[in-house]
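This report concerns only the one structure given below.
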2 protein chains.
Amino acid sequence: MTIKISIDCMGGDHGPSVTIPAAISFSRQMPDVELILVGLEDVIRAELKKHGADTLPRITIQHASEQVAMDDPLEVALRRKKDSSMRVAIEQVKDGKAQAAVSAGNTGALMAVSRYVLKTMAGVDRPAICSILPNEKGGPTYMLDLGANVDCEPHHLHQFAIMGSVLVHAMEGIDKPTIGLLNVGTEDIKGNELVKATAKLLQADKERGALNYYGNVEGTDIFKGTVDLVVCDGFVGNVTLKAMEGLGHFMKTVITTEFKRNFLTMLGAVIAGGALKAMKNKFNPSRYNGAGLLGLRGLVFKSHGGADAYAFEWALRRAYEAAKNDVQAQVATMIAELMPRGAEPTQEQA
Amino acid sequence: MTIKISIDCMGGDHGPSVTIPAAISFSRQMPDVELILVGLEDVIRAELKKHGADTLPRITIQHASEQVAMDDPLEVALRRKKDSSMRVAIEQVKDGKAQAAVSAGNTGALMAVSRYVLKTMAGVDRPAICSILPNEKGGPTYMLDLGANVDCEPHHLHQFAIMGSVLVHAMEGIDKPTIGLLNVGTEDIKGNELVKATAKLLQADKERGALNYYGNVEGTDIFKGTVDLVVCDGFVGNVTLKAMEGLGHFMKTVITTEFKRNFLTMLGAVIAGGALKAMKNKFNPSRYNGAGLLGLRGLVFKSHGGADAYAFEWALRRAYEAAKNDVQAQVATMIAELMPRGAEPTQEQA
């Protein structure tokens with residue numbers, strides 16, 4: 001089966017100079033992928049030509065006359081730029097022309113436009129953003145919400161747990177993924193009002209066999225790989241993710257500076273090259289680029305705005321895997337089973 | 001002037017085997033320090049002897065018959081163990097026998113016992129925990145609250161900003177420290193209800209010249225050193241801090257594993273030894289051990305429970321510097337000036 005992915009080529013800090021080379025490279029590796037490049041046709045065509053890829057099969061161009069700027073207010077992205085590359089890319093999913101859309105544009109705009117165009121899945125109050133992080137066990141730790149919902153009620157976190165659990169199941173083939181509630185301590189008495197109330201909902205789901213709720217986890221558990229999925233509100237998730245990004249950058253700066261300090265340290269770095277390269281690979285945030293917008297009637301993946309072509313390609317890969325694993329249909333089916341309210345699921349665009 | 005510090009020698013994961021060697025080493029380095037070692041006298045005396053320090057001047061022992069276990073409920077720490085080493089150490093501050101107390105015991109118990117024994121400073125609703133983190137500019141970033149208050153109102157965060165600002169001023173000699181409000185984005189429209197309302201209070205203080213409010217900061221700014229002080233609620237602060245601790249541990253594991261992989265990488269590590277050592281120094285969380293409990297009528301510092309002697313010594317150093325810089329009196333005076341409610345400050349135990 002061919003997997004079709006639409007790409008917002010104009011989004012992100014670098015636009016086509018990043019998205020097009022990534023698309024070309026990805027297309028060359030994946031014979032079962034068809035890509036729809038969305039944006040200014042002339043610009044896209046010129047960029048393809050620049051990379052000697054103007055005659056690549058399985059790549060088509062879908063013209064869109066506008067683009068959402070990184071600092072555009074939601075209002076503008078949503079109501080004024082109706083022919084933006086972001087929106088047209090998402091419309092490809094709505095119209096069944098693509099199974100997933102990928103954009104490196106402004107997160108708020110992407111979520112708003114996705115909700116507007118695709119609509120929220122039946123039974124879901126609020127879509128959430130889910131990403132993966134590396135852990136000490138060698139596997140990914142899934143974490144959500146990472147910023148879509150900064151003020152949450154317990155039933156929102158409960159829904160995040162359900163959606164995230166289904167995503168992990170579909171992507172990793174884990175039957176009942178373990179779910180941890182991010183908290184300031186592991187004991188039941190710990191936490192703010194939000195997580196204490198959420199814990200009760202998750203515990204009830206565990207008792208009825210619906211979710212594999214592990215209990216509270218702490219910040220350290222994200223990297224220990226204690227659970228498959230870490231659930232938190234979007235404020236906590238976003239701040240935590242960015243703090244880790246900041247620490248990673250700081251460490252990289254110090255490592256680079258220290259190894260370049262003098263001849264001996266440089267020599268050491270050259271000799272230990274394999275170790276440094278392996279470290280770089282393990283910590284490279286590029287490899288974890290590509291966050292899923294969950295709870296919509298269609299698959300949308302968000303790349304980091306500052307991603308380079310290598311990182312953007314990882315976001316494409318994430319979207320591809322989600323489509324190939326039929327995540328959309330699985331989420332819709334399982335949401336219908338698991339959501340306590342028992343709303344009708346919508347399986348269109350799956 | 002001699003600085004007197006009382007030490008809860010029984011607290012933490014390791015008790016006297018960590019606290020006593022740290023105290024001995026610190027005492028030998030600091031001729032203007034007097035230490036009061038609090039705990040089981042026999043145990044302390046034996047540990048001192050073991051390290052050939054049973055006749056050290058400027059060290060006295062204060063017997064306390066009980067100890068707060070790391071998993072004791074607050075109730076037990078507070079009401080049942082009235083002769084605990086933690087409590088007696090804090091009482092030394094209350095009685096004017098020490099200018100600061102240091103404990104590696106359970107954070108919740110330490111805060112509860114400190115509040116009970118010392119009382120909260122006039123004008124302060126809730127004490128907070130403030131620690132420092134390294135940043136790319138080479139200076140420390142102060143951050144609070146790190147876990148004392150998991151459910152906050154805007155006026156609590158406002159008070160944290162004031163207390164933290166005074167601490168940075170007293171410890172770093174910075175006239176008007178810059179204050180950042182931890183948020184999911186830098187724009188004014190970003191954030192949850194709590195931070196949006198807090199931003200208004202801080203902005204008003206900036207306009208009347210009381211605080212040097214910088215605006216919103218993101219997780220990445222903690223390590224960039226964008227501001228001197230980062231303010232957040234205790235839930236966000238605690239989760240973020242532990243996530244960073246987890247990432248640091250993960251990176252250390254990977255670095256160690258990779259460098260030990262084969263002969264060449266090991267050789268590289270030996271040759272680049274200076275670089276690795278410098279990195280280790282910069283990232284060593286031990287050097288940032290020692291969080292201040294702010295807003296009490298006396299100085300109390302909390303060491304990480306799992307601290308080794310080297311790390312515990314840093315907590316002692318932090319307490320020493322706070323006492324030497326007369327932080328307590330400065331906080332009391334400035335709280336009186338800055339707190340909008342204009343309550344009477346209490347300067348005792350300063």
Side-chain angles (χ1 to χ4, degrees), chain A residues 73 108 134-136 147 150-151 182-185 187 189-195 218-224 232-236 238-251 253-255 258-259 261-262 264-276 278-279 282-283, chain B residues 71 73 108 134-136 147 150-151 182-185 189-195 218-224 232-236 238-251 253-255 258-259 261-262 264-276 278-279 282-283:
Chain A
N135 69 43
E136 291 179 15
V150 293
D151 283 299
L182 194 57
N183 202 339
V184 298
E187 306 87 343
I189 54 152
K190 288 286 175 82
N192 56 19
E193 296 308 318
L194 173 64
V195 301
E218 299 183 87
T220 42
D221 291 300
I222 299 169
F223 295 99
K224 277 188 196 158
C232 58
D233 72 60
F235 189 91
V236 170
N238 186 282
V239 163
T240 305
L241 194 75
K242 286 184 184 156
M244 294 186 293
E245 197 183 310
L247 176 57
H249 182 267
F250 178 38
M251 288 179 127
T253 309
V254 171
I255 290 173
E258 291 305 334
F259 275 114
R261 192 170 290 278
N262 60 43
L264 267 189
T265 54
M266 274 192 282
L267 182 67
V270 171
I271 294 173
L276 288 170
M279 276 159 51
K282 284 215 174 132
F283 296 132
Chain B
D71 55 356
N135 68 43
E136 290 180 16
V150 292
D151 283 299
L182 194 58
N183 202 339
V184 297
I189 54 151
K190 288 288 176 80
N192 56 18
E193 296 307 320
L194 173 63
V195 300
E218 299 182 87
T220 43
D221 291 300
I222 299 168
F223 294 98
K224 278 188 196 159
C232 58
D233 72 60
F235 189 90
V236 171
N238 186 282
V239 164
T240 306
L241 195 75
K242 285 183 186 157
M244 294 186 292
E245 198 183 309
L247 176 57
H249 182 267
F250 178 37
M251 288 179 125
T253 310
V254 172
I255 291 172
E258 291 304 334
F259 275 114
R261 193 170 290 278
N262 59 43
L264 265 190
T265 55
M266 273 192 281
L267 182 66
V270 171
I271 293 173
L276 288 170
M279 276 160 51
K282 283 215 175 132
F283 296 131

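Here is how names work: the chains are called A, B, and so on, in the same order as the sequence lines, proteins then strands, and each is numbered from 1. These numbers come from a predicted model, not from an experiment.
- With a 4.5 angstrom heavy-atom cutoff, B:Ile222 touches chain A only via side-chain atoms.
- Using a 4.5 Å cut-off between heavy atoms, A:Pro73 does not touch chain B at all.
- With rounding to the nearest 0.5 Å, the separation of CG in B:Leu182 from CG in B:Asp233 is 9.0 Å.
- Interface residue B:Asn135: only backbone heavy atoms are found under 4.5 Å from chain A.
- In this structure, the side-chain hydrogen bond (donor to acceptor under 3.5 Å, both in side chains) partners of B:Asn238, at least two apart in sequence or on a different chain, are B:Lys242.
- Looking at heavy atoms from C-beta onward, B:Phe223 lies in side-chain contact with B:Met244 at the 4.5 angstrom threshold.
- Contact count against chain A (heavy-atom pairs under 4.5 Å) is highest for B:Val236 among B:Asp221, B:Asp71, B:Val236, B:Leu194.
- Taking the side-chain hydrogen bond (donor to acceptor under 3.5 Å, both in side chains) definition, one finds that B:Glu136 meets it with A:His249, sequence neighbours left out.
- When A:Val150, A:Val184, A:Thr253, A:Thr240 are compared by the number of non-hydrogen pairs under 4.5 Å with chain B, A:Val184 comes out ahead.
- Here the closest non-hydrogen pair linking A:Asn183 and B:Phe235 is OD1-CE1, 3.5 Å.
- Heavy-atom pairs under 4.5 Å with chain A were tallied for B:Thr220, B:Val254, B:Leu241, B:Val239; the largest tally goes to B:Thr220.
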